[in-house]
2 protein chains.
Amino acid sequence: MLQPVQFSSSDSRLELDGDANVSMGVLLRRLIDEGCVSDPESPKGRLLAAAARQFRQKGFSRTTVRDLAAEVGILSGSIFHHFKNKDEILFAVMNEVVIAMEERLQVRLSAATSTRDKVRALIENELQFIHGPTGDATAVLIYEWRALSEPLQQKILERRRAYFKLWHDTLIKAEEEALITVEPDCLRQLLHGAIVWSIHWYQPQGPMPLESLVDQVLSLAIKSE
Amino acid sequence: MLQPVQFSSSDSRLELDGDANVSMGVLLRRLIDEGCVSDPESPKGRLLAAAARQFRQKGFSRTTVRDLAAEVGILSGSIFHHFKNKDEILFAVMNEVVIAMEERLQVRLSAATSTRDKVRALIENELQFIHGPTGDATAVLIYEWRALSEPLQQKILERRRAYFKLWHDTLIKAEEEALITVEPDCLRQLLHGAIVWSIHWYQPQGPMPLESLVDQVLSLAIKSE
DNA sequence: TTCACTACCAAGCAAGCGCTTGGTTTGTTA
DNA sequence: TAACAAACCAAGCGCTTGCTTGGTAGTGAA
(Lines give C-alpha, C1' and ligand atoms only; values in the text may rest on other atoms or scores of the structure.)
Protein backbone atom coordinates (compact mmCIF):
# COMPACT_ATOMS: atom_id res chain seq x y z
CA MET A 1 0.00 0.00 0.00
CA LEU A 2 1.03 3.52 -0.62
CA GLN A 3 3.89 2.51 -2.78
CA PRO A 4 3.68 2.56 -6.56
CA VAL A 5 2.98 -0.87 -7.96
CA GLN A 6 5.67 -2.30 -10.19
CA PHE A 7 4.53 -3.72 -13.50
CA SER A 8 6.28 -6.59 -15.17
CA SER A 9 7.87 -5.36 -18.34
CA SER A 10 8.01 -8.85 -19.79
CA ASP A 11 5.43 -9.84 -22.37
CA SER A 12 3.65 -13.15 -22.38
CA ARG A 13 6.42 -14.93 -24.28
CA LEU A 14 8.42 -17.44 -22.32
CA GLU A 15 11.64 -16.37 -20.69
CA LEU A 16 14.45 -18.87 -20.76
CA ASP A 17 16.99 -17.24 -18.48
CA GLY A 18 16.88 -19.74 -15.67
CA ASP A 19 15.82 -23.17 -14.53
CA ALA A 20 12.66 -21.83 -12.99
CA ASN A 21 11.50 -20.19 -16.16
CA VAL A 22 12.44 -23.12 -18.35
CA SER A 23 10.22 -25.46 -16.39
CA MET A 24 7.54 -22.75 -16.23
CA GLY A 25 7.73 -22.48 -20.00
CA VAL A 26 7.41 -26.22 -20.50
CA LEU A 27 4.45 -26.32 -18.17
CA LEU A 28 2.66 -23.44 -19.89
CA ARG A 29 3.24 -25.01 -23.28
CA ARG A 30 1.73 -28.28 -22.06
CA LEU A 31 -1.31 -26.51 -20.60
CA ILE A 32 -1.80 -24.65 -23.89
CA ASP A 33 -1.65 -27.90 -25.86
CA GLU A 34 -4.12 -29.47 -23.45
CA GLY A 35 -6.46 -26.53 -23.94
CA CYS A 36 -6.38 -25.57 -20.24
CA VAL A 37 -5.04 -22.12 -21.06
CA SER A 38 -5.41 -20.25 -24.32
CA ASP A 39 -2.58 -19.62 -26.77
CA PRO A 40 -1.18 -16.09 -26.29
CA GLU A 41 -0.91 -15.84 -30.10
CA SER A 42 -4.63 -16.30 -30.66
CA PRO A 43 -7.02 -13.34 -30.57
CA LYS A 44 -8.57 -14.68 -27.38
CA GLY A 45 -5.15 -15.11 -25.81
CA ARG A 46 -4.06 -11.60 -26.69
CA LEU A 47 -7.29 -10.28 -25.26
CA LEU A 48 -6.67 -12.16 -22.01
CA ALA A 49 -3.14 -10.82 -21.74
CA ALA A 50 -4.43 -7.28 -22.23
CA ALA A 51 -7.15 -7.91 -19.69
CA ALA A 52 -4.68 -9.21 -17.09
CA ARG A 53 -2.49 -6.15 -17.61
CA GLN A 54 -5.29 -3.60 -17.44
CA PHE A 55 -7.25 -5.29 -14.65
CA ARG A 56 -4.08 -5.25 -12.62
CA GLN A 57 -3.24 -1.66 -13.42
CA LYS A 58 -6.65 -0.04 -13.10
CA GLY A 59 -8.79 -2.68 -11.45
CA PHE A 60 -11.64 -4.59 -13.06
CA SER A 61 -14.42 -2.04 -12.76
CA ARG A 62 -12.31 0.87 -13.94
CA THR A 63 -11.32 -1.04 -17.05
CA THR A 64 -13.89 -0.76 -19.85
CA VAL A 65 -14.41 -3.21 -22.67
CA ARG A 66 -13.53 -0.29 -24.93
CA ASP A 67 -10.13 -0.07 -23.21
CA LEU A 68 -9.48 -3.76 -23.78
CA ALA A 69 -10.62 -3.63 -27.39
CA ALA A 70 -8.38 -0.63 -28.05
CA GLU A 71 -5.27 -2.44 -26.77
CA VAL A 72 -5.71 -5.36 -29.16
CA GLY A 73 -6.91 -3.13 -32.00
CA ILE A 74 -10.56 -4.06 -32.39
CA LEU A 75 -13.89 -2.37 -31.60
CA SER A 76 -15.60 -2.86 -28.27
CA GLY A 77 -18.49 -4.89 -29.64
CA SER A 78 -16.14 -7.45 -31.15
CA ILE A 79 -15.06 -8.51 -27.66
CA PHE A 80 -18.34 -10.34 -27.23
CA HIS A 81 -17.53 -12.62 -30.11
CA HIS A 82 -14.88 -14.17 -27.82
CA PHE A 83 -16.49 -13.82 -24.39
CA LYS A 84 -20.11 -13.99 -23.24
CA ASN A 85 -19.70 -10.93 -21.03
CA LYS A 86 -17.12 -8.89 -19.13
CA ASP A 87 -17.31 -11.17 -16.08
CA GLU A 88 -16.23 -14.13 -18.18
CA ILE A 89 -13.06 -12.30 -19.16
CA LEU A 90 -12.11 -11.81 -15.52
CA PHE A 91 -12.97 -15.43 -14.82
CA ALA A 92 -10.80 -16.66 -17.69
CA VAL A 93 -7.82 -14.62 -16.47
CA MET A 94 -8.15 -16.04 -12.97
CA ASN A 95 -8.95 -19.57 -14.02
CA GLU A 96 -5.88 -19.98 -16.17
CA VAL A 97 -3.49 -18.82 -13.49
CA VAL A 98 -5.18 -20.90 -10.80
CA ILE A 99 -4.69 -24.04 -12.87
CA ALA A 100 -1.08 -23.23 -13.67
CA MET A 101 -0.23 -22.42 -10.03
CA GLU A 102 -1.45 -25.71 -8.68
CA GLU A 103 0.03 -27.84 -11.48
CA ARG A 104 3.40 -26.26 -11.03
CA LEU A 105 3.41 -26.50 -7.23
CA GLN A 106 2.72 -30.21 -7.53
CA VAL A 107 5.75 -30.64 -9.78
CA ARG A 108 7.91 -28.60 -7.45
CA LEU A 109 6.83 -30.45 -4.30
CA SER A 110 7.51 -33.89 -5.72
CA ALA A 111 10.94 -32.71 -6.86
CA ALA A 112 11.81 -31.55 -3.34
CA THR A 113 13.36 -34.17 -1.09
CA SER A 114 13.35 -32.80 2.46
CA THR A 115 10.36 -31.20 4.16
CA ARG A 116 12.37 -28.04 4.50
CA ASP A 117 12.81 -27.97 0.73
CA LYS A 118 9.09 -28.53 0.30
CA VAL A 119 8.29 -25.51 2.47
CA ARG A 120 10.77 -23.56 0.40
CA ALA A 121 8.99 -24.74 -2.75
CA LEU A 122 5.67 -23.40 -1.42
CA ILE A 123 7.18 -19.97 -0.95
CA GLU A 124 9.28 -19.95 -4.10
CA ASN A 125 6.45 -21.07 -6.36
CA GLU A 126 4.10 -18.34 -5.19
CA LEU A 127 6.76 -15.63 -5.42
CA GLN A 128 7.66 -16.74 -8.95
CA PHE A 129 4.06 -16.56 -10.06
CA ILE A 130 3.71 -13.09 -8.59
CA HIS A 131 6.91 -11.66 -9.99
CA GLY A 132 7.32 -13.72 -13.16
CA PRO A 133 5.62 -13.55 -16.56
CA THR A 134 2.30 -14.59 -14.99
CA GLY A 135 2.47 -11.68 -12.53
CA ASP A 136 -0.41 -9.72 -14.00
CA ALA A 137 -2.87 -12.60 -13.88
CA THR A 138 -1.71 -13.58 -10.39
CA ALA A 139 -2.20 -10.05 -9.10
CA VAL A 140 -5.69 -10.01 -10.60
CA LEU A 141 -6.47 -13.33 -8.95
CA ILE A 142 -5.45 -11.91 -5.59
CA TYR A 143 -6.87 -8.42 -5.72
CA GLU A 144 -9.93 -8.55 -7.97
CA TRP A 145 -11.55 -11.40 -6.15
CA ARG A 146 -14.65 -9.48 -5.10
CA ALA A 147 -15.27 -8.24 -8.63
CA LEU A 148 -16.20 -11.77 -9.72
CA SER A 149 -19.86 -12.76 -9.60
CA GLU A 150 -20.75 -15.24 -6.86
CA PRO A 151 -21.16 -18.35 -9.07
CA LEU A 152 -17.84 -17.76 -10.82
CA GLN A 153 -16.16 -17.14 -7.46
CA GLN A 154 -17.30 -20.59 -6.40
CA LYS A 155 -15.86 -22.19 -9.52
CA ILE A 156 -12.46 -20.62 -8.85
CA LEU A 157 -12.65 -21.57 -5.18
CA GLU A 158 -13.30 -25.17 -6.18
CA ARG A 159 -10.16 -25.19 -8.28
CA ARG A 160 -8.24 -23.44 -5.52
CA ARG A 161 -8.89 -26.05 -2.85
CA ALA A 162 -6.27 -28.47 -4.18
CA TYR A 163 -3.68 -25.70 -4.02
CA PHE A 164 -4.54 -24.88 -0.41
CA LYS A 165 -4.32 -28.56 0.46
CA LEU A 166 -0.78 -28.77 -0.86
CA TRP A 167 0.19 -25.94 1.49
CA HIS A 168 -1.71 -27.49 4.39
CA ASP A 169 -0.25 -30.98 4.05
CA THR A 170 3.29 -29.70 3.70
CA LEU A 171 3.04 -27.47 6.77
CA ILE A 172 1.49 -30.30 8.80
CA LYS A 173 4.53 -32.38 7.94
CA ALA A 174 6.78 -29.48 8.94
CA GLU A 175 5.04 -29.26 12.28
CA GLU A 176 5.51 -32.97 12.92
CA GLU A 177 9.21 -32.55 12.27
CA ALA A 178 9.28 -29.54 14.60
CA LEU A 179 10.46 -27.28 11.81
CA ILE A 180 7.82 -24.68 12.63
CA THR A 181 6.33 -23.42 15.87
CA VAL A 182 3.23 -21.53 14.71
CA GLU A 183 0.06 -23.54 14.09
CA PRO A 184 0.16 -24.66 10.42
CA ASP A 185 -3.02 -23.00 9.09
CA CYS A 186 -2.25 -19.76 10.90
CA LEU A 187 1.28 -19.82 9.54
CA ARG A 188 -0.06 -20.54 6.06
CA GLN A 189 -2.14 -17.38 6.15
CA LEU A 190 0.63 -15.25 7.61
CA LEU A 191 3.14 -16.42 5.00
CA HIS A 192 0.61 -16.05 2.23
CA GLY A 193 0.00 -12.45 3.31
CA ALA A 194 3.69 -11.63 3.51
CA ILE A 195 4.21 -13.12 0.05
CA VAL A 196 1.34 -11.48 -1.82
CA TRP A 197 2.12 -8.11 -0.29
CA SER A 198 5.47 -8.22 -2.04
CA ILE A 199 3.53 -7.17 -5.14
CA HIS A 200 3.55 -3.65 -3.73
CA TRP A 201 7.20 -3.23 -2.90
CA TYR A 202 9.49 -5.92 -4.28
CA GLN A 203 11.29 -5.17 -7.54
CA PRO A 204 12.54 -8.26 -9.40
CA GLN A 205 15.03 -6.12 -11.33
CA GLY A 206 16.22 -4.39 -8.16
CA PRO A 207 19.24 -5.17 -5.98
CA MET A 208 17.62 -8.10 -4.18
CA PRO A 209 17.31 -11.30 -6.26
CA LEU A 210 14.12 -13.30 -5.92
CA GLU A 211 15.92 -16.25 -4.39
CA SER A 212 17.08 -13.99 -1.61
CA LEU A 213 13.52 -12.90 -0.91
CA VAL A 214 12.51 -16.57 -0.81
CA ASP A 215 15.17 -17.17 1.83
CA GLN A 216 14.01 -14.23 3.92
CA VAL A 217 10.43 -15.47 3.94
CA LEU A 218 11.64 -18.98 4.71
CA SER A 219 13.62 -17.64 7.66
CA LEU A 220 10.41 -16.23 9.11
CA ALA A 221 8.71 -19.61 8.89
CA ILE A 222 11.56 -21.93 9.87
CA LYS A 223 13.97 -21.12 12.67
CA SER A 224 17.50 -21.87 11.57
CA GLU A 225 19.43 -24.51 13.55
CA MET B 1 -8.09 -14.25 -0.90
CA LEU B 2 -10.78 -16.68 -1.72
CA GLN B 3 -12.15 -16.62 1.76
CA PRO B 4 -15.22 -14.61 2.65
CA VAL B 5 -14.31 -11.33 4.24
CA GLN B 6 -15.46 -10.78 7.80
CA PHE B 7 -17.17 -7.53 8.55
CA SER B 8 -16.96 -5.85 11.90
CA SER B 9 -20.39 -5.87 13.48
CA SER B 10 -19.53 -2.98 15.76
CA ASP B 11 -20.81 0.49 14.94
CA SER B 12 -18.74 3.61 15.23
CA ARG B 13 -19.43 4.09 18.94
CA LEU B 14 -16.56 3.49 21.29
CA GLU B 15 -16.15 0.09 22.89
CA LEU B 16 -14.95 0.06 26.46
CA ASP B 17 -14.25 -3.61 27.06
CA GLY B 18 -10.51 -3.46 27.38
CA ASP B 19 -7.48 -1.29 27.98
CA ALA B 20 -6.79 -1.06 24.28
CA ASN B 21 -10.22 0.23 23.45
CA VAL B 22 -10.32 2.63 26.35
CA SER B 23 -7.21 4.39 25.13
CA MET B 24 -8.48 4.15 21.56
CA GLY B 25 -11.69 5.84 22.71
CA VAL B 26 -9.87 8.62 24.48
CA LEU B 27 -7.72 9.20 21.43
CA LEU B 28 -10.66 9.33 19.04
CA ARG B 29 -12.50 11.75 21.31
CA ARG B 30 -9.47 14.02 21.39
CA LEU B 31 -9.13 13.92 17.60
CA ILE B 32 -12.81 14.76 17.21
CA ASP B 33 -12.50 17.73 19.57
CA GLU B 34 -9.44 18.89 17.66
CA GLY B 35 -11.39 18.66 14.41
CA CYS B 36 -9.00 16.12 12.91
CA VAL B 37 -11.79 13.58 12.48
CA SER B 38 -15.49 14.31 12.18
CA ASP B 39 -18.04 13.58 14.87
CA PRO B 40 -19.85 10.29 14.09
CA GLU B 41 -23.08 11.94 15.30
CA SER B 42 -22.96 14.67 12.66
CA PRO B 43 -24.45 14.14 9.20
CA LYS B 44 -20.97 14.22 7.70
CA GLY B 45 -19.71 11.69 10.22
CA ARG B 46 -22.59 9.31 9.61
CA LEU B 47 -21.95 9.61 5.89
CA LEU B 48 -18.29 8.74 6.39
CA ALA B 49 -19.13 5.70 8.51
CA ALA B 50 -21.52 4.48 5.82
CA ALA B 51 -18.90 5.14 3.16
CA ALA B 52 -16.24 3.18 5.05
CA ARG B 53 -18.62 0.25 5.47
CA GLN B 54 -19.76 0.17 1.85
CA PHE B 55 -16.38 0.93 0.28
CA ARG B 56 -15.01 -2.00 2.24
CA GLN B 57 -17.84 -4.32 1.33
CA LYS B 58 -18.27 -3.53 -2.36
CA GLY B 59 -15.23 -1.49 -3.23
CA PHE B 60 -15.18 2.20 -4.11
CA SER B 61 -16.20 2.05 -7.75
CA ARG B 62 -19.04 -0.39 -7.17
CA THR B 63 -20.49 1.85 -4.47
CA THR B 64 -22.71 4.60 -5.88
CA VAL B 65 -23.49 7.91 -4.24
CA ARG B 66 -27.11 6.73 -4.32
CA ASP B 67 -26.12 3.73 -2.17
CA LEU B 68 -24.45 6.00 0.38
CA ALA B 69 -27.33 8.43 0.46
CA ALA B 70 -29.81 5.60 0.98
CA GLU B 71 -27.95 4.29 4.03
CA VAL B 72 -28.12 7.62 5.85
CA GLY B 73 -31.62 8.41 4.59
CA ILE B 74 -31.10 11.30 2.18
CA LEU B 75 -31.20 11.74 -1.59
CA SER B 76 -28.11 11.30 -3.73
CA GLY B 77 -27.76 14.94 -4.66
CA SER B 78 -27.65 15.99 -1.02
CA ILE B 79 -24.30 14.23 -0.60
CA PHE B 80 -22.64 17.07 -2.50
CA HIS B 81 -23.65 19.53 0.15
CA HIS B 82 -21.12 17.78 2.43
CA PHE B 83 -18.45 16.70 -0.05
CA LYS B 84 -17.17 18.30 -3.23
CA ASN B 85 -17.21 14.99 -5.10
CA LYS B 86 -17.08 11.24 -4.60
CA ASP B 87 -13.28 11.21 -4.48
CA GLU B 88 -13.31 13.53 -1.49
CA ILE B 89 -15.43 11.03 0.43
CA LEU B 90 -12.86 8.30 -0.10
CA PHE B 91 -10.09 10.72 0.82
CA ALA B 92 -11.83 11.70 4.04
CA VAL B 93 -12.29 8.07 5.07
CA MET B 94 -8.62 7.35 4.48
CA ASN B 95 -7.32 10.58 5.94
CA GLU B 96 -9.06 10.16 9.27
CA VAL B 97 -7.76 6.66 9.84
CA VAL B 98 -4.25 7.57 8.71
CA ILE B 99 -4.11 10.33 11.31
CA ALA B 100 -5.50 8.12 14.06
CA MET B 101 -3.13 5.25 13.29
CA GLU B 102 -0.02 7.35 13.56
CA GLU B 103 -1.12 9.26 16.65
CA ARG B 104 -1.94 6.06 18.46
CA LEU B 105 1.24 4.28 17.48
CA GLN B 106 3.23 7.17 18.89
CA VAL B 107 1.43 6.83 22.23
CA ARG B 108 1.96 3.08 22.26
CA LEU B 109 5.65 3.26 21.40
CA SER B 110 6.46 5.78 24.10
CA ALA B 111 4.61 3.62 26.62
CA ALA B 112 6.70 0.57 25.70
CA THR B 113 9.94 0.20 27.65
CA SER B 114 11.97 -2.51 25.89
CA THR B 115 12.65 -2.64 22.16
CA ARG B 116 10.92 -6.00 22.08
CA ASP B 117 7.80 -4.36 23.50
CA LYS B 118 8.07 -1.62 20.91
CA VAL B 119 8.10 -4.17 18.10
CA ARG B 120 5.10 -5.80 19.71
CA ALA B 121 3.38 -2.40 19.79
CA LEU B 122 3.92 -1.99 16.03
CA ILE B 123 2.17 -5.28 15.36
CA GLU B 124 -0.54 -4.90 17.98
CA ASN B 125 -1.48 -1.39 16.93
CA GLU B 126 -1.95 -2.34 13.30
CA LEU B 127 -3.93 -5.47 14.13
CA GLN B 128 -6.18 -3.49 16.45
CA PHE B 129 -6.92 -0.93 13.77
CA ILE B 130 -7.74 -3.67 11.29
CA HIS B 131 -9.96 -5.73 13.56
CA GLY B 132 -11.32 -3.05 15.89
CA PRO B 133 -14.04 -0.40 15.44
CA THR B 134 -11.91 1.38 12.82
CA GLY B 135 -11.64 -1.81 10.75
CA ASP B 136 -13.76 -0.61 7.86
CA ALA B 137 -11.79 2.57 7.29
CA THR B 138 -8.48 0.72 7.69
CA ALA B 139 -9.49 -1.88 5.12
CA VAL B 140 -10.45 0.89 2.73
CA LEU B 141 -7.10 2.59 3.28
CA ILE B 142 -5.32 -0.62 2.41
CA TYR B 143 -7.36 -1.95 -0.48
CA GLU B 144 -8.87 1.07 -2.23
CA TRP B 145 -5.61 2.87 -2.62
CA ARG B 146 -5.66 2.93 -6.42
CA ALA B 147 -9.17 4.32 -6.52
CA LEU B 148 -7.90 7.66 -5.16
CA SER B 149 -6.94 10.33 -7.66
CA GLU B 150 -3.22 11.01 -7.92
CA PRO B 151 -3.13 14.35 -6.04
CA LEU B 152 -5.12 12.96 -3.13
CA GLN B 153 -2.92 9.86 -3.06
CA GLN B 154 0.04 12.16 -2.56
CA LYS B 155 -1.66 13.93 0.35
CA ILE B 156 -2.30 10.61 2.10
CA LEU B 157 1.23 9.45 1.34
CA GLU B 158 2.59 12.60 2.94
CA ARG B 159 0.65 11.86 6.12
CA ARG B 160 1.71 8.24 5.96
CA ARG B 161 5.43 8.89 6.00
CA ALA B 162 5.57 9.58 9.73
CA TYR B 163 3.90 6.24 10.39
CA PHE B 164 6.39 4.38 8.23
CA LYS B 165 9.22 6.14 10.02
CA LEU B 166 8.02 4.88 13.39
CA TRP B 167 8.17 1.32 12.04
CA HIS B 168 11.57 1.90 10.45
CA ASP B 169 13.22 3.44 13.50
CA THR B 170 11.92 0.75 15.81
CA LEU B 171 13.13 -2.06 13.59
CA ILE B 172 16.53 -0.44 13.17
CA LYS B 173 16.83 -0.45 16.94
CA ALA B 174 15.77 -4.10 17.00
CA GLU B 175 18.48 -4.94 14.50
CA GLU B 176 21.11 -3.19 16.57
CA GLU B 177 20.06 -5.27 19.56
CA ALA B 178 20.20 -8.41 17.39
CA LEU B 179 16.53 -9.12 18.02
CA ILE B 180 15.87 -9.62 14.32
CA THR B 181 17.86 -11.21 11.52
CA VAL B 182 16.03 -10.01 8.40
CA GLU B 183 16.95 -6.58 7.03
CA PRO B 184 14.64 -4.03 8.75
CA ASP B 185 12.85 -2.56 5.74
CA CYS B 186 12.33 -5.97 4.18
CA LEU B 187 11.00 -7.29 7.47
CA ARG B 188 8.71 -4.29 7.76
CA GLN B 189 7.10 -5.11 4.43
CA LEU B 190 6.82 -8.82 5.16
CA LEU B 191 5.22 -8.20 8.55
CA HIS B 192 2.95 -5.54 7.13
CA GLY B 193 1.76 -8.02 4.50
CA ALA B 194 1.16 -10.79 7.00
CA ILE B 195 -0.80 -8.37 9.20
CA VAL B 196 -3.05 -6.77 6.59
CA TRP B 197 -3.84 -10.14 5.04
CA SER B 198 -5.46 -11.14 8.32
CA ILE B 199 -8.43 -9.08 7.12
CA HIS B 200 -9.33 -12.03 4.93
CA TRP B 201 -9.19 -14.86 7.42
CA TYR B 202 -8.91 -13.79 11.07
CA GLN B 203 -12.12 -13.63 13.07
CA PRO B 204 -11.91 -11.47 16.22
CA GLN B 205 -14.90 -13.27 17.70
CA GLY B 206 -13.47 -16.69 16.86
CA PRO B 207 -11.45 -19.08 19.06
CA MET B 208 -8.17 -17.20 18.71
CA PRO B 209 -7.95 -13.95 20.71
CA LEU B 210 -6.29 -10.98 19.04
CA GLU B 211 -3.45 -10.95 21.57
CA SER B 212 -2.62 -14.48 20.54
CA LEU B 213 -2.41 -13.45 16.90
CA VAL B 214 -0.11 -10.61 17.92
CA ASP B 215 2.17 -13.13 19.60
CA GLN B 216 2.24 -15.38 16.56
CA VAL B 217 3.25 -12.52 14.28
CA LEU B 218 5.83 -11.40 16.83
CA SER B 219 7.28 -14.91 16.88
CA LEU B 220 7.86 -14.66 13.14
CA ALA B 221 9.79 -11.43 13.57
CA ILE B 222 11.75 -12.13 16.74
CA LYS B 223 13.40 -15.47 17.42
CA SER B 224 12.61 -16.57 20.95
CA GLU B 225 15.54 -16.94 23.33
C1' DT C 1 -39.38 39.49 13.17
C1' DT C 2 -35.59 39.27 10.48
C1' DC C 3 -31.65 37.22 8.80
C1' DA C 4 -28.37 33.88 7.88
C1' DC C 5 -27.03 29.28 7.86
C1' DT C 6 -27.18 24.30 7.64
C1' DA C 7 -29.35 20.47 5.74
C1' DC C 8 -31.92 18.66 2.49
C1' DC C 9 -35.41 17.82 -1.68
C1' DA C 10 -36.96 17.35 -6.60
C1' DA C 11 -35.80 16.96 -11.09
C1' DG C 12 -32.87 16.02 -14.44
C1' DC C 13 -28.58 16.54 -17.52
C1' DA C 14 -24.52 14.81 -19.91
C1' DA C 15 -21.51 11.26 -20.23
C1' DG C 16 -20.13 6.66 -20.02
C1' DC C 17 -21.24 1.97 -19.49
C1' DG C 18 -22.06 -3.17 -21.04
C1' DC C 19 -23.95 -5.27 -24.58
C1' DT C 20 -26.88 -6.23 -29.05
C1' DT C 21 -27.77 -6.49 -33.84
C1' DG C 22 -27.14 -7.09 -38.69
C1' DG C 23 -23.90 -7.07 -41.90
C1' DT C 24 -18.92 -7.35 -43.91
C1' DT C 25 -14.23 -9.03 -44.41
C1' DT C 26 -10.75 -12.63 -44.24
C1' DG C 27 -8.67 -16.99 -44.35
C1' DT C 28 -9.19 -22.07 -44.93
C1' DT C 29 -10.78 -26.14 -46.80
C1' DA C 30 -13.07 -29.05 -50.40
C1' DT D 1 -13.87 -21.51 -57.11
C1' DA D 2 -17.56 -22.26 -54.12
C1' DA D 3 -18.76 -22.85 -49.30
C1' DC D 4 -18.12 -21.90 -44.68
C1' DA D 5 -16.73 -20.25 -40.22
C1' DA D 6 -14.08 -17.21 -37.53
C1' DA D 7 -13.11 -12.47 -36.75
C1' DC D 8 -14.50 -8.08 -36.85
C1' DC D 9 -17.14 -3.47 -38.02
C1' DA D 10 -20.73 0.22 -37.61
C1' DA D 11 -24.26 1.94 -35.14
C1' DG D 12 -26.65 2.53 -31.36
C1' DC D 13 -29.98 1.01 -27.41
C1' DG D 14 -31.14 1.11 -22.66
C1' DC D 15 -29.43 1.97 -18.46
C1' DT D 16 -26.54 3.83 -14.68
C1' DT D 17 -23.40 7.02 -13.19
C1' DG D 18 -21.58 11.41 -10.79
C1' DC D 19 -23.04 15.69 -10.35
C1' DT D 20 -25.87 20.31 -11.00
C1' DT D 21 -29.46 23.48 -10.26
C1' DG D 22 -32.92 26.06 -8.03
C1' DG D 23 -35.62 25.94 -4.39
C1' DT D 24 -37.45 24.75 0.64
C1' DA D 25 -37.77 23.56 5.75
C1' DG D 26 -35.86 24.04 10.18
C1' DT D 27 -32.95 26.42 13.62
C1' DG D 28 -30.67 29.85 16.35
C1' DA D 29 -28.86 34.54 17.09
C1' DA D 30 -29.73 39.69 16.86
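What you see below is based on every heavy atom in this structure, not just the backbone, and it leaves out hydrogens, waters and symmetry mates. Every chain is numbered from 1 and lettered A, B, ... according to where its sequence line falls, protein lines coming before strand lines.
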Return the nearest nucleotide to the side chain of [X]; candidates are [options].
| X | options | value |
| --- | --- | --- |
| B:Ile74 | C:dC8, C:dG18, D:dG18 | C:dC8 |
| A:Lys86 | D:dG18, C:dG18, D:dC8 | C:dG18 |
| A:Leu75 | D:dA10, D:dT17, C:dC19 | D:dA10 |
| B:Ser76 | C:dG18, D:dC19, D:dA7 | D:dC19 |
| B:His82 | D:dT17, C:dC19, C:dA7 | C:dA7 |

Rounded distance in Å - [atom1] ([X]) to [atom2] ([N]):
| X | N | atom1 | atom2 | result |
| --- | --- | --- | --- | --- |
| B:Ile79 | D:dG18 | CD1 | P | 9 Å |
| A:Phe60 | C:dG18 | CZ | P | 8 Å |
| B:Lys44 | C:dA7 | NZ | P | 10 Å |
| B:Arg62 | D:dG18 | CZ | P | 13 Å |
| B:Leu90 | D:dC19 | CG | P | 12 Å |
| A:Leu47 | D:dA6 | CG | P | 17 Å |
| A:Lys58 | C:dG16 | NZ | P | 14 Å |
| A:Leu68 | D:dC8 | CG | C1' | 16 Å |

Consider side chain to side chain contact (heavy atoms under 4.5 Å, CB included). Of B:Ile195, B:Ile142, B:Leu191, which one does A:Trp197 pass it with?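 Among B:Ile195, B:Ile142, B:Leu191, the one meeting side chain to side chain contact (heavy atoms under 4.5 Å, CB included) with A:Trp197 is B:Ile142.
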Minimum-distance pair of heavy atoms, taken over all atoms of A:Met101 and A:Tyr163: CE-OH, 3.6 Å
Would you call B:Glu102 and B:Arg160 a salt bridge, using N to O less than 4.0 angstrom? no
Look at A:Arg108 together with A:Glu124 and state whether they make a salt bridge at an N to O cut-off of under 4.0 Å. yes
May I ask you to verify if any side-chain N or O of B:Ser78 is less than 4.0 angstrom from the OP1 or OP2 atom of C:dA7? no
Phosphate OP1/OP2 of D:dC8: any A:His81 side-chain N/O under 4.0 Å: no
Can a donor-acceptor pair under 3.5 Å be found between the side-chain atoms of A:Arg66 and the base atoms of C:dG16? no
Which residue, A:Arg46 or B:Ser61, contacts DNA chain D at a nucleotide closer to its 5' end, judged by nearest heavy atom? A:Arg46
Students often get this wrong, so: under 4.0 angstrom with heavy atoms, is B:Thr63 touching a base, only sugar-phosphate, or nothing? sugar-phosphate
Pair B:His200 + B:Tyr143: ring centers closer than 6.0 Å: yes
